[in-house]
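Here is the structure we will look at.
As the structure is a prediction and not an experimental result, all values here were calculated from the model.
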Amino acid sequence: QVQLVESGGGLVQAGGSLRLSCVASERTFSYYAMGWFRQAPGKEREFVAAISWSGGSTYYADSVKGRFTISRDNAKNTVYLRMNTLKPEDTAVYYCAADQVSSGSRGECEYDYWGQGTEVTVSS
């Protein structure tokens, strides 16, 4: 059982930046593809970004491409989401997730383990 703990959320003005972190409990973290998803108030959870186990492949939602960067440090069992040029529509709870099988997926159903989420609020 992999436990994931997100941090780094908070309140930021539009145009600002945040870096989210997600630490995994297991040393086998390096074998998992990792993803970030978000859920805005009153909306369904949506894909944000994903990264393969090696970090060699990354995937982004169109809405964040060019503004967000996903990365990982397998030595620290940590995946990051750097968010630049934040917009009010980026306001959401952000979740990280671990996928044992694929090399990085946009589909929620592919992910086996989820964190509790960290809240990001972008003010206009």
Practice prompt. Apply the test side-chain contact (heavy atoms from CB on, under 4.5 Å) to residues Thr69 and Leu81: give CA-CA distance (whole Å), side-chain angles for both, the deciding distance (0.1 Å), then the verdict.
Written response: CA-CA 6 Å; Thr69 302; Leu81 185 68; over 6 Å; no
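The two atoms that bring Glu6 and Cys96 nearest to each other are OE2-N, 2.9 Å, heavy atoms only. Nearest heavy atoms, Trp53 versus Ser30: CB-O, 3.2 Å. Taking each heavy atom of Ala14 and Pro88 in turn, the nearest pair found is CB-CD, 4.1 Å. Pairing each heavy atom of Tyr32 with each of Ala98, the nearest pair is CD2-CB, 4.0 Å. Residues Ala24 and Phe29 share a closest heavy-atom pair of CB-CD1, 3.4 Å.
Aromatic rings from Phe47 and Phe37 are positioned such that their centres are separated by under 6.0 Å.
For the pair Ile70/Val79, a side-chain contact is recorded, criterion being any heavy-atom separation below 4.5 Å from C-beta on. The closest side-chain heavy-atom distance from Ser57 to Ser103 is not below 4.5 Å. Looking at Tyr31 and Ser54, their side chains never come closer than 4.5 Å, going by heavy atoms from C-beta outward. Contact of the Met83 side chain with the Val120 side chain is registered, since non-hydrogen atoms from C-beta on lie closer than 4.5 Å.
Distance alone, capped at 3.5 Å, places no donor-acceptor pair between the Ser105 side chain and the Ser102 backbone.
In this structure Asp99 satisfies the salt bridge (charged side-chain N to carboxylate O under 4.0 Å, His left out) test with no other residue, sequence neighbours excluded. Annotation: side-chain hydrogen bond (donor to acceptor under 3.5 Å, both in side chains) contacts of Arg67 (sequence neighbours excluded): Asp90. For Ser63, the side-chain contact (heavy atoms from CB on, under 4.5 Å) partners at least two apart in sequence or on another chain are Arg38, Ala61. Every residue two or more places apart in sequence or in another chain that forms a side-chain contact (heavy atoms from CB on, under 4.5 Å) with Lys65 is listed here: Tyr60, Asp62.
The distance from atom CZ of Phe68 to atom CG of Leu20, rounded to the nearest 0.5 Å, is 8.0 Å.
Both Val12 and Val64 are assigned to one and the same hydrophobic cluster, defined by single-linkage of ILVMFWY side chains at heavy-atom distances under 4.5 Å. Leu18 and Tyr94 end up in the same hydrophobic cluster when Ile, Leu, Val, Met, Phe, Trp and Tyr side chains are linked at under 4.5 Å. Residues Met34 and Trp36 fall within the same hydrophobic cluster, defined by Ile, Leu, Val, Met, Phe, Trp and Tyr side chains chained together at heavy-atom separations under 4.5 Å.
The side-chain hydrogen bond (donor to acceptor under 3.5 Å, both in side chains) pairs that include a residue from residues 71-89 are Ser17-Asn84, Arg72-Asn74, Arg82-Asn84, where partners are two or more places apart or lie in different chains. Residue pairs meeting the side-chain hydrogen bond (donor to acceptor under 3.5 Å, both in side chains) criterion with at least one member in residues 106-124, sequence neighbours excluded, are Arg45-Glu108.
Counting non-hydrogen atoms of other residues, nucleotides and ligands closer than 6.0 Å to CD of Gln3 gives a total of 12 or fewer.
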